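Taking it in order: structure first as structure tokens, then the write-up.
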Amino acid sequence: MSKTEPRPEICTCLAIRQAARRVTQFYDQFLAPVGLRTTQFSILAKLRLLGPMTINALADELVMDRTTLGRNILPLERESLISIVPGRTDRRSKELQLTNAGVERLRAARKGWKEAQTRFATAFGERRTAGLRALLREVSMADLPAAAAAAAIG
């Protein structure tokens, strides 16, 4: 491989995506007994914390595109863990609401989530884990240049 060819081992995006998949698989093991996946747990937790919200607002909160969120909410709606209702301010919009069944499932999932949190922190250390969360929060909120702007530079 020449020095000018991209090397996967130095790709930040690849490293983050691989780590995200690994951590997701890890947490999924602890949430599986209650029938949730990590993404579904996050959706229910955000709705519990923030209350009813539009699909677009929830997608923004989760830093997720609307289409991916749409695929993830279908099983939650099918299991009556969330409901999709007309918006409070604009009846043409749709809002997601956590149902009582969703609150109960979230409550049941917290034990597995806490165990995953504890085991992760044990494996990597409390300080490193807290530092990782802080760094990832910064990355999630960073105002990275758009692809069009980056293309203009090159």
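Quick note: numbers below take in every heavy atom, side chains included, and nothing from hydrogens, waters or symmetry partners. In this text the structure is predicted, and so the values were computed from the model without any measurement. Residue numbers run from 1 in the order of the sequence given.
- Atom OG1 of Thr99 is separated from atom CG of Leu81 by 5.5 Å, given to the nearest 0.5 angstrom.
- Asp65 CG: more than 12 foreign heavy atoms inside a 6.0 Å radius.
- No single ILVMFWY cluster, assembled from side-chain heavy atoms under 4.5 Å apart, contains both Leu74 and Leu36.
- In summary, Arg119 and Glu115 engage in a salt bridge, as defined by a charged side-chain N under 4.0 Å from a carboxylate O.
- Distance check, rounded to the nearest 0.5 Å: CG of Leu69 to CG of Leu58 gives 5.0 Å.
- By the salt bridge (Lys or Arg N to Asp or Glu O under 4.0 Å) test, Arg66 pairs with no residue at all, sequence neighbours left out.
- Distance alone, capped at 3.5 Å, places no donor-acceptor pair between the Asn72 side chain and the Gln40 backbone.
- With sequence neighbours left out, Arg48 forms a side chain to side chain donor-acceptor pair (under 3.5 Å) with no residue at all.
- Listed by first and then second residue, the salt bridge (charged side-chain N to carboxylate O under 4.0 Å, His left out) pairs that reach into residues 132-146 come to none, sequence neighbours excluded.
- Ile43 and Val63 fall into different hydrophobic clusters, defined by Ile, Leu, Val, Met, Phe, Trp and Tyr side-chain heavy atoms under 4.5 Å apart, directly or through other members.
- With sequence neighbours excluded, no residue forms a side chain to side chain donor-acceptor pair (under 3.5 Å) with Arg110.
- Residue pairs satisfying the salt bridge (charged side-chain N to carboxylate O under 4.0 Å, His left out) criterion with at least one member in residues 71-87, sequence neighbours excluded, are listed as follows: Glu79-Arg105.
- Rounding to the nearest 0.5 Å places CG of Leu106 at 9.5 Å from CG of Leu47.
- Contacts classified as salt bridge (charged side-chain N to carboxylate O under 4.0 Å, His left out) and involving residues 12-26 (residues at least two apart or in different chains) are not found.
- When the side-chain contact (heavy atoms from CB on, under 4.5 Å) test is applied to Gln97, the partners found at least two apart in sequence or on another chain are Pro52, Ser83, Val85.
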### Query
So Thr39 and Thr68, side chain to side chain contact (heavy atoms under 4.5 Å, CB included) or not? Walk me through it.
CA-CA 10 Å; Thr39 306; Thr68 302; over 6 Å; no
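- For the atom pair NZ of Lys46 and CZ of Phe41, the computed distance is 12.0 Å after rounding to the nearest 0.5 Å.
- Judged as a side chain to side chain donor-acceptor pair (under 3.5 Å), and not counting sequence neighbours, Arg128 has no contacts.
- With sequence neighbours left out, the side chain to side chain donor-acceptor pair (under 3.5 Å) criterion links Gln117 to Tyr27.
- Taken together through direct or relayed side-chain contacts under 4.5 Å among Ile, Leu, Val, Met, Phe, Trp and Tyr, Leu144 and Met64 form parts of separate hydrophobic clusters.
- With sequence neighbours left out, the side-chain contact (heavy atoms from CB on, under 4.5 Å) criterion links Asp60 to no other residue.
- Residues passing the side-chain contact (heavy atoms from CB on, under 4.5 Å) test with Thr54, sequence neighbours excluded: Asn56, Ala57, Ser93, Glu95.
- Hydrophobic clustering (side-chain heavy atoms under 4.5 Å, transitive across Ile, Leu, Val, Met, Phe, Trp, Tyr) keeps Val139 apart from Phe124.
- Of all non-hydrogen atoms in Ala116 and Phe26, the two that sit nearest each other are O-CE2, 3.4 Å.
- From Asn100, atom CG reaches atom OG of Ser80 across 11.0 Å, with rounding to the nearest 0.5 Å.
- Taking hydrophobic clusters as Ile, Leu, Val, Met, Phe, Trp and Tyr residues chained together by side-chain heavy-atom distances below 4.5 Å, Val103 shares a cluster with Leu44.
- Taking CG of Leu96 as the reference point, atom CE of Met53 lies at 8.5 Å (rounded to 0.5 Å).
- Leu136 is linked by a side-chain contact (heavy atoms from CB on, under 4.5 Å) to Leu132, counting only residues two or more places apart in sequence or in another chain.
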